[in-house]
Structure formats: C-alpha cells, structure tokens
Amino acid sequence: MLELKVIRAQKERIVAGLKVKNFKNLDLVDQVLKLDDQRKAIQSALNDIEAKSNSASKEIGKLFKQGKRDEANALRASISGLKSQSQDLKDQLKSVGTNLEDALVQLPNIPHDSVPLGKGEDDNEVFQAWGEDLPILEDGAKPHWELAEQYNLFDLKLGVKITGAGFPLYRGKGAKLQRALIAFFLDEAEKAGYEEIVPPILVNEASAFGTGQLPDKEGQMYHATVDNLYLIPTAEVPITNIYRGEIVEEKQLPIKLTGYTPCFRREAGSYGAHVRGINRVHQFDKVEIVQITHPEKSYQALEDMLEHVKQLMDKLELPYRILRLCGGDVSFASALTFDFEVYSAAQKRWLEVSSVSNFETFQSNRMKTRFRNDKRKTELCHTLNGSALALARIFAALLENHQTPEGIVIPEALRSYTRFDIID
RNA sequence: GGAGAAAUGGCAGAGCUGGUUUAAUGCACUGGUCUUGAAAACCAGCGUGCGAGAAAUCGCACCGGGGGUUCGAAUCCCUCUUUCUCCGCCA
C-alpha cells in the first residue's frame, strides 16, 4: 500500500511510476487524494463536537456530585443535539475511510528508477548473462520427466491418484534429493546470518493482506473456507508477518530470517507443454530468505541477497542468468525484482527458480512494521524477500544438466547431504 | 467437544458498586545530577494513530476485536477471538 503522505507530496513521481507499471486507472490517484481531504475535514469536525460533548459530560458529573440536579439536567438537555451530529459524522468517517482504503489497496507499488519499460516477460532486461557457452548435452539427453521415470525419482500419476494434477510424489533417491536440497539451502542461509523459522503454512486473512496476496491474488491461493485460512503460496507470507504491527528498535535492523515450507499455488489457467513434468506444479518446496531493513539500507540488502542466490547456483554447478523485471512484469507489491533463471539443457529453455524483490514500504505500510529512528519517531521499515531456492525446478534442472550416460552426477557441494554421488 | 475463569501500556499489576482516572504503582528503558569510572540514590522524561498549527502546543480515538446502553464506559450488556483450569478425545 502506498503511503498517503508520499502520494500527496510526490504526486508526479507516483503517476509516472504507475505508468511504468502499465497501471491504467490513473484517476484513482486523484480519487484517493480527494477522499483523504474529505476524511480530514470530517475528522476535524468530529473532533470539535466530541471535545464539546466531553467537556459538558465532565461538567454534568461535577454538578451531580455537588447536588445541583437542575443545572445538570439543563446542561444535559442542551447537548442532546450533539449526539446525533457526532453519530452522523462517525458514519460518514467510516464510509469515507472504507472508500479510501478500497481505492488505496488497488494502487500497485511504484517501481524503482532502474526498472525498464515493458509490457511483459519479453521486455525484461538481462541483468547478468551466463558468461560461458550454454551447455550442450549429448545426443539422447532426456528431459527431467523421462529421467525421473528411468531412475524412479518421482511419480506424477500417483500424485494424481492421491490428490490431482500438479501434486508430485517424490520417492527413493528423488525424495532424498529433495531433503538434501532443503537442508543445504537452510544451512547456507544460516551461514549468511539468517535465523531459521518453521512457520505455520496456513495463514489468516490479516497475514495474507499484509504481504499483498489479498485482495489482489485471492484466486491464486488455496482457501480452507470452513476456517477461513489460506494455504501459503510462499513462506514470505508467514515469515514477514511475524513483524506485522511491531515497532522495533533501529539497532535490531536488519532482521534476517529464513524458512523452508511447502508452497501451494492454484496456477489457474496454466496448461500445455510448458507445464510438463514438474515445470509448474501446485505444491512445491522452497527455502525463502526475508529481510526487514532500515529504508536507507534496503538496496544494499537486495544486492546481498542476489549474491547469496548466485553462490547457491554456483555451488549447484548450474548455468543461470539474472533478469531485471520490466515494469509490466514486476509484481503488484514490488519496487524492484530480479529473477534467476536456470538453463535447462534438455528442454533448451530458461526456467525461473528464484525471485528476489525489494518491496520498500509497500508491505510494511500494510502491516504497520516500523522502527524507532534516531529522533525516537516511528518510521516504516523496508521489506525484502527472495527464493533461495525453489525446489521443483532446481530439481528438474539438476537432473537434466548433470545427466551422463552413467547416471545423474550429484554436485560436490550437495554430496554430504545426499550421501550418494550419483543416481544410477 | 463439554464446564468454568480471564484478556489493562515493553513487562508485572491496580482500577472493574459508570462521573477530577489526565489509566495508580513497580520494573525496564532514555536523559540529567552526583562519581576518577561504575553501581546506588535523586530529578526529569517515557505508548500508538488521526486531526489542527510555522512551531510550542492543543484536540480526538484507542484498556483483546466488533457492536450496544448512557449526557458520560477500562468499568454495565451482546458477540467474536484468544489464553488458562478441569473433564473428554488424541499423535
């Protein structure tokens, strides 16, 4: 949620930013400001009436105590009109407040200055290309779904039987590889100074709103309607919401947290060859890193997170590139997002495996996550998060890129976790 | 699932027969005095949001959430949520 005072003070910049995001309903900005003006006027009038009513009530109390019953009753009668006036203003305030809130939550975050113009994924900027030649596999190289069948690593049909399409079942060395990757990613995050969290994987409405999943992406989440809880699409939701409504001391920043969770996404409307195997699934495992920082230090933190993910990709010996997402592809809540894509040599295409974003104050304003600055005033923090890393596609890329005629070779860094060197 | 009790500031904890309560008091925290330094003691400050104002400051709201009664609600009523105790079930 954008900050009202920023919209008011820097309207030109906001409108320009919304254009970069290809946001169409620019009139909303003026509507928001108009509603806020109305809110202020009503609030001011209400305050005056309540001040009058409060002081009169105090006086009535005093008079009763002194036994001046007649005077008290006279005063009581004289302010009887105030009540309906203030009730009227309260109703107005509530309705204007609701309209303001509804309008405000429709505005996406404005992009960082470095975000390139563009409509969709084709316009993303290659921020860091893969420096070497792309790997070329020998003839007969197989896509991961064939390798998985050959070595009995996962079974999609069983997933369908138990649940439905897009819920893979891993088994044998496939299951062990999953577990090894999770442990490896968590250990690497811990080494980088992140505290490990095991959060709930169902969240309430307030949490889903806090990080921006509601009301915008309601259809993307599984909803347990009986209890009105949502299955998390990413650990970002429960972990960032730890600090919802909190005011921390400046010296506590940056707060660095990591957590492994399964992630659930309905992915409504995705079909075809691009979703074969485990390229796109409804349930996958992910280790997420989250940072809550001082506003002036968030872009340094973003760079640190990029470095962290790069190092993971290097240790897994996978070819990757980094994209800077264009205005049309940056998510609703994000100011700047870098995507990591792994090159799948067998499918000969790039697959997104990590998304690292700075949300600036967009989430913290929704969540009211603040710190006390050196003037002892409260100020919104910046929030960031990144996948480090998302498993299903990394799993697929490992199989495809490390396949040899003898089997699938496990990267050196992972062997102490898998406790096998090859899948054959 | 059944029965009962409770929810007050960072924490502890009064107020809860409705009206000088501006939410007592203690601890913690911040600044100061004293001290070579520290501790102790003493003094002062110490919640959040909104509104008005150039500012000092002033006003309004907030005692788990929402609603109600009343001139006036932390206090009375309704409702939801959460916690605790006992019973039942259970990894």
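A quick note: this is a predicted structure, and the numbers were derived from the prediction, not measured. Below, chains carry the letters A, B, ... as their sequence lines are ordered, and counting in each starts from 1.
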Would one find a side-chain N or O of A/Arg39 under 4.0 angstrom from OP1 or OP2 of B/C50?
no
Closest nucleotide among [options] to the [X] side chain:
| X | options | result |
| --- | --- | --- |
| A/Lys40 | B/C71, B/C60, B/G51 | B/G51 |
| A/Lys58 | B/A52, B/C71, B/U22 | B/U22 |
| A/Ile247 | B/C71, B/G51, B/U48 | B/U48 |
| A/Asn47 | B/U48, B/A61, B/G59 | B/G59 |
| A/Arg370 | B/G19, B/U48, B/G59 | B/U48 |

Provide, to the nearest angstrom, the distance between the [atom1] atom belonging to [X] and the [atom2] atom belonging to [N].
| X | N | atom1 | atom2 | value |
| --- | --- | --- | --- | --- |
| A/Asp37 | B/C50 | CG | P | 16 Å |
| A/Glu101 | B/C50 | CD | C1' | 14 Å |
| A/Glu249 | B/C11 | CD | C1' | 15 Å |
| A/Glu59 | B/U20 | CD | P | 13 Å |
| A/Ile42 | B/C60 | CD1 | P | 19 Å |
| A/Gln252 | B/G10 | CD | P | 14 Å |
| A/Leu380 | B/G49 | CG | C1' | 12 Å |
| A/Leu4 | B/G49 | CG | P | 15 Å |

By the 4.0 Å heavy-atom rule, please label [X] as base, sugar-phosphate, or nothing.
| X | answer |
| --- | --- |
| A/Thr378 | sugar-phosphate |
| A/Ile79 | sugar-phosphate |
| A/Ala56 | nothing |
| A/Asn54 | sugar-phosphate |

[Y] and [X] side chains, donor-acceptor separation under 3.5 Å:
| X | Y | answer |
| --- | --- | --- |
| A/Glu360 | A/His382 | no |
| A/Lys286 | A/Thr261 | no |
| A/Ser364 | A/Thr369 | no |
| A/Asp187 | A/Tyr417 | yes |

Given RNA chain B, 5'-ward residue of the pair A/Arg372 and A/Asp36, judged by closest heavy atom:
A/Arg372
So which one's nearest nucleotide on RNA chain B is more toward 5', A/Lys94 or A/Lys52?
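Whichever sits nearer the 5' end wins; that is A/Lys52.
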Pairwise [atom1] distance for [N] and [M], with rounding to whole Å:
| N | M | atom1 | answer |
| --- | --- | --- | --- |
| B/U85 | B/A24 | P | 31 Å |
| B/G66 | B/A74 | P | 14 Å |
| B/G72 | B/G18 | P | 16 Å |
| B/U75 | B/G9 | P | 15 Å |
| B/C43 | B/C76 | C1' | 42 Å |
| B/G37 | B/G49 | P | 38 Å |
| B/G65 | B/G15 | C1' | 22 Å |
| B/C89 | B/A5 | P | 24 Å |

Under 3.5 Å for both distances, Watson-Crick or G-U wobble, that's the pair rule; now give the dot-bracket for RNA chain B, with | marking pairs to another strand and [ ] for crossing ones.
((((((((.[[[..)...(.....]]].(((((.......))))).((((((....)))))).[[[[[..)....]]]]])))))))....
Crowded around A/Lys368 NZ? As in, over 12 foreign heavy atoms under 6.0 Å?
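Yes.
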Taking all non-hydrogen atoms of both residues, which atom of A/Pro233 and which atom of A/Val237 are closest, and how far apart?
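Between these two residues, the closest heavy atoms are CD-CG2, 4.1 Å.
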If every non-hydrogen atom of A/Ala189 is compared with every non-hydrogen atom of A/Thr258, which pair is closest and at what distance?
CB-OG1, 3.6 Å
Look at the rings of A/His223 and A/Tyr230 and say which category their plane angle falls in: under 30° parallel, 30 to 60° tilted, over 60° perpendicular.
parallel
Regarding A/Asp304 and A/Lys256, does a basic nitrogen lie under 4.0 Å from an acidic carboxylate oxygen?
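A salt bridge is absent here (no side-chain N lies under 4.0 Å from a carboxylate O).
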